[in-house]
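Notes for the one structure printed next.
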Amino acid sequence: MNDRFPPPARFAQRARVNADTAEALGLHGLHDDIRRLAYWSEAADALVWRTRWHTLVDWQPPRSKWFVGGTLNATETCLDQHLHTWRRNKAALIWEGEPMQGGRPQDTRTLTYQQLFDEVVRFAGVLRSLGVQTGDRVCLYMPLVPEAVIAMLACARLGATHSVVFGGFSAEALRDRIHDAGCKVVVTADGGARKGQVVHLKDTVDAALADPRTGCVQKVVVVRRTGHAVAMTAGRDVWWDDAMAQARPVTEAVAVDAEHPLFILYTSGTTGKPKGVVHSTGGYLTGVARSYRFVFDHKDEDIFWCSADVGWVTGHSYVVYGPLANGATVFLYEGAPVYPAPDRFWDIIERNRISVLYTAPTAIRTFMRLGDHHVRAHDLSSLRLLGSVGEPINPEAWRWYHDVVGGGRCPIVDTWWQTETGSIMASPLPGLTTAKPGSCMHPLPGVDLAVVRPDGHECAPDEQGLLVSRRPWPSMMRTVWGDDERFRQTYWVQLKDPVTGAPWYFTGDGARRDKDGALWVIGRVDDVVNVSGHRLGTAEVESALVLHKAVAEAAVVGRPDDVKGQGIVAFVTLKANQTPTEALKKELMAQVAAEIGSFARPDDVRWANALPKTRSGKIMRRLLRELATKGRVEGDMTSLEDFSAIAALQSED
Ligand code: 7RM
């Protein structure tokens, strides 16, 4: 059977409408679905499969299974396949570390595909000797060094599920994530380098593991990066180098089901506890491999630099899996982009002849403020394509990126996607799409995004609505780790097809399409803020604040920030007999930094006698947002329970 293009009958069944009905109703026709599915079928053929799948997709919303019957190991696509070609000796990773005190001014390492493979299979041997088996979870709490990539791929080699926790998270945040995923092993480093300081990762791991809730952890592997002294717990902690020296490489990759969880990645939502987003192996890899190739117009000669940390989804998809699946050369930089000098970023691009740069609007705005002269002092003629991700890019920053960084020569791909979507969903395609500054333009092939009203009907041109995906796509998240009901409630109950009643995936973003059909994503419509491209739930910050003994209640909102996109404002009511002081403000800010990480530190803490609430007791965030943004409140307040709450807040200024 030619299952590259499975017989239409199969789709007709799953779509539950026939082509005529769909056309008559003005819905997407059946042939659109077939085209979409044929596209994914072809995309999946770029992967190395151990067993060919027999059914493209089994779609029972919100449950989807892609490439049913297929088995594979992600590392055979990312590594093994290249070893049979000239790419064996091609650079897979080119790493550069921030210069460290006492270290060399230029600390660099290059690993060819063969060398990366050798390290991965050796570290897989280490993990296996530490008891890691297929299906186990391994937590990675690492600086951006080659070992982070090696450890991710080594997990994949064994069919173990990795859970990378960004190195900027606190011990408490790390503890919660280790506990939630039930990780058996933690891989970390003696430290990381950032702005000339050492980030004490191992100390943070020790603090997290001091809590009995992390009793699931049996072993800790420690990479020597900074060389400073750390405490090693006998019987639990091992040095990376020592373990590697003794390891027996696992050259045989474990083939897993296409649906097997490749990784868990925690992301913030509207409630206090971050969600463990679960991604599959076959579908995820298909999504990232294909989108990397098309969006970044992959060329074998490229040196691709995605400046995200592997602790975020962008790092998973476009530092590791997408580029390596295509045999690309990936550049990695550990450290801050403006240290030791404000032109560090451009210096890196010039010296490494970076050809494709993928970064965030917040970074672009930071560089913009530092001045054009830092950019112009460097030869950036190697650049041919620029990418943006993480938040809406304002047209001014877009133009600066285009004119000053790209010298007017380089197309910009403004890529919209989420941790949950796994891979890029909407973006211009270089050479095909005429871009508009600030718009992510169109859904990629195979993707069906729509801007709809709350009742599910599509918005008119320029009418703002809610961004949904009406059809499944291979790299969609499969569930929330350990909480399937939360998966349903968070994404699948808000919006549905007004005709068939089928649930749609709700992104949490507001958007509009202009008269030309270009998509403009405006930002979150839920209680999630985006600070420098880092996603945070306001509830998460609130939970951190109310842990303080002086705090009675806290409400957190975002306000626009010229550089960070959004800043955090916390409204706090104190317990009786507590005095609002500047010192207490500082303490509360530090409390949030300690509970979550310094990137979550509020920009402003404001005292309130009471918080404005509706009759049903819900905090009126809209009012607080207005207050935080404009300093006063407009609009409808009729459902307010206590007007004095607002009066008290306003008179504060
Ligand atoms: C990749 C990533 C997801 C949220 C998403 C949006 C916002 C991301 C863009 C964007 C406008 C973009 N994953 N967002 N990219 N908004 N234009 N190109 O960022 O899970 O951390 O965040 O980020 O609000 O829902 S994420």
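We count residues from 1, following the sequence as given.
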Next on the checklist: Evaluate W492 against F487 for side chain to side chain contact (heavy atoms under 4.5 Å, CB included), listing each step before the verdict.
Outcome noted: CA-CA 8 Å; W492 297 95; F487 170 62; 3.2 Å; yes
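- To the nearest 0.5 Å, the span separating CD on Q566 from CD on E391 amounts to 8.5 Å.
- Atom OG of residue S268 and atom CD1 of residue I596 lie 7.5 Å apart, to the nearest 0.5 angstrom.
- A search for salt bridge (charged side-chain N to carboxylate O under 4.0 Å, His left out) contacts involving R87 returns D300, not counting sequence neighbours.
- Using the six-membered ring where Trp is involved, Y358 and Y318 have ring planes that are perpendicular, over 60° apart on the 30 and 60° scheme.
- Of the possible donor and acceptor atoms, one in the side chain of R409 sits under 3.5 Å from a partner among the backbone N and O of L383.
- Between the side chains of N352 and W305, not a single donor N or O lies within less than 3.5 Å of an accepting N or O.
- Between R109 and E147, at least one side-chain nitrogen of the basic residue sits less than 4.0 Å from a carboxylate oxygen of the acidic one, meeting the salt-bridge criterion.
- Salt-bridge annotation for D497 and R470: absent, with no side-chain N of the basic residue lying under 4.0 Å from a carboxylate O of the acidic one.
- Using a cutoff of 4.0 Å between basic side-chain nitrogens and carboxylate oxygens, R365 and D562 are not scored as salt-bridged.
- Between H316 and F263, the ring centre distance stays below 6.0 Å.
- Judged purely by atom type and a 3.5 angstrom limit, Y113 has no side-chain atom pairing as donor or acceptor with the backbone of T85.
- Atoms CG and CG, from L467 and L519 in turn, are 5.5 Å apart once rounded to the nearest 0.5 Å.
- Between D403 and R399, no side-chain nitrogen of the basic residue sits less than 4.0 Å from a carboxylate oxygen of the acidic one, so the salt-bridge criterion is not met.
- Checking Y321, W66, F67 one by one against Y284, the ring-ring contact (aromatic ring centres under 6.0 Å, His included) holds for a single residue, Y321.
- Using a 3.5 Å distance cut-off with no hydrogens or angles, the side chains of D107 and W95 do not pair a donor with an acceptor.
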Next on the checklist: With side chain to side chain contact (heavy atoms under 4.5 Å, CB included) as the criterion, how do E259 and R478 come out once you've worked through the C-alpha distance, each side chain's angles and the decisive distance to 0.1 Å?
Outcome noted: CA-CA 9 Å; E259 285 297 314; R478 295 303 194 259; 2.7 Å; yes
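- Checked against a 6.0 Å centroid threshold, the rings of W346 and F367 count as neighbours.
- Of the possible polar contacts, none joining the Y401 side chain to the E396 backbone as a donor-acceptor pair under 3.5 Å is found.
- Side chains of R535 and N530: no donor on one and acceptor on the other come within 3.5 Å.
- For R344 and D347, the salt-bridge test passes: some basic side-chain N is under 4.0 Å from an acidic carboxylate O.
- Ring orientation note: the planes of W312 and F166 are tilted relative to one another, at an angle of 30° to 60°.
- When side chains are defined from C-beta on, T161 counts as touching H260, because their heavy atoms get closer than 4.5 Å.
- Of the possible donor and acceptor atoms, one in the side chain of S291 sits under 3.5 Å from a partner among the backbone N and O of G287.
- Atom CZ of residue R512 and atom SG of residue C459 lie 11.5 Å apart, to the nearest 0.5 angstrom.
- Counting only heavy atoms from C-beta outward, the side chains of S388 and T415 never approach each other to under 4.5 Å.
- A tilted orientation is assigned to the rings of F296 and Y292, their planes being inclined by 30° to 60°.
- Salt bridge absent: R513 and E463 never bring a charged side-chain N and a carboxylate O closer than 4.0 Å.
- W481 contributes no side-chain N or O that, together with a main-chain N or O of I264, makes up a donor-acceptor pair within less than 3.5 Å.
- With respect to the salt-bridge test (charged N to carboxylate O, under 4.0 angstrom), the residues E458 and R453 do not qualify.
- Taking OG1 of T75 as the start and CD of Q81 as the end, the distance is 11.0 Å to the nearest 0.5 Å.
- More than 12 non-hydrogen atoms from other residues, nucleotides or ligands lie less than 6.0 angstrom from NZ of K564.
- Looking only at distances, no side-chain donor or acceptor of T112 sits under 3.5 Å from a matching main-chain atom of K90.
- Within the 4.5 Å cutoff, no side-chain heavy atoms of Y141 are placed close to those of V164.
- Y339 and E98 form no side-chain donor-acceptor contact under 3.5 Å, judged by distance and modelled atom types alone.
- Using a 4.0 Å cut-off between a side-chain N of Lys or Arg and a carboxylate O of Asp or Glu, D80 and R157 qualify as a salt bridge.
- The structure places OH of Y505 at 10.0 Å from CD of Q494, a figure rounded to the nearest 0.5 Å.
- Annotation: side chain of P261 is not in contact with side chain of S280 (no heavy-atom distance under 4.5 Å).
- Below 30°, between 30° and 60°, or above 60°: for W53 and W49 the angle between ring planes is above 60°, a perpendicular geometry.
- Judged by distance alone, the side chain of N326 and the main-chain N or O of G322 form a donor-acceptor pair under 3.5 Å.
- No donor-acceptor pair closer than 3.5 Å links the side chain of T110 to the backbone N or O of I94.
- At distances below 3.5 Å, at least one donor-acceptor pair connects side-chain atoms of T329 with backbone N or O atoms of A91.
- Between T421 and M476, every side-chain heavy-atom pair lies at or beyond the 4.5 Å cut-off.
- Between the side chains of D527 and T538, no donor N or O sits under 3.5 Å from an acceptor N or O.
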Checklist entry - Step by step, would you call D33 with R36 a salt bridge (charged side-chain N to carboxylate O under 4.0 Å, His left out)? => result CA-CA 5 Å; D33 273 337; R36 204 173 286 119; 2.7 Å; yes
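- In this pair, Y39 and F294 present their aromatic rings perpendicular. The plane angle is above 60°, beyond the 30 to 60° band.
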Item to check | Steps toward side chain to side chain contact (heavy atoms under 4.5 Å, CB included) verdict (T490, K275) | outcome: CA-CA 10 Å; T490 310; K275 300 180 288 268; 3.8 Å; yes
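- Considering only heavy atoms from C-beta on, L140 stays 4.5 Å or farther from V165 through its side chain.
- With respect to the salt-bridge test (charged N to carboxylate O, under 4.0 angstrom), the residues K436 and D514 qualify.
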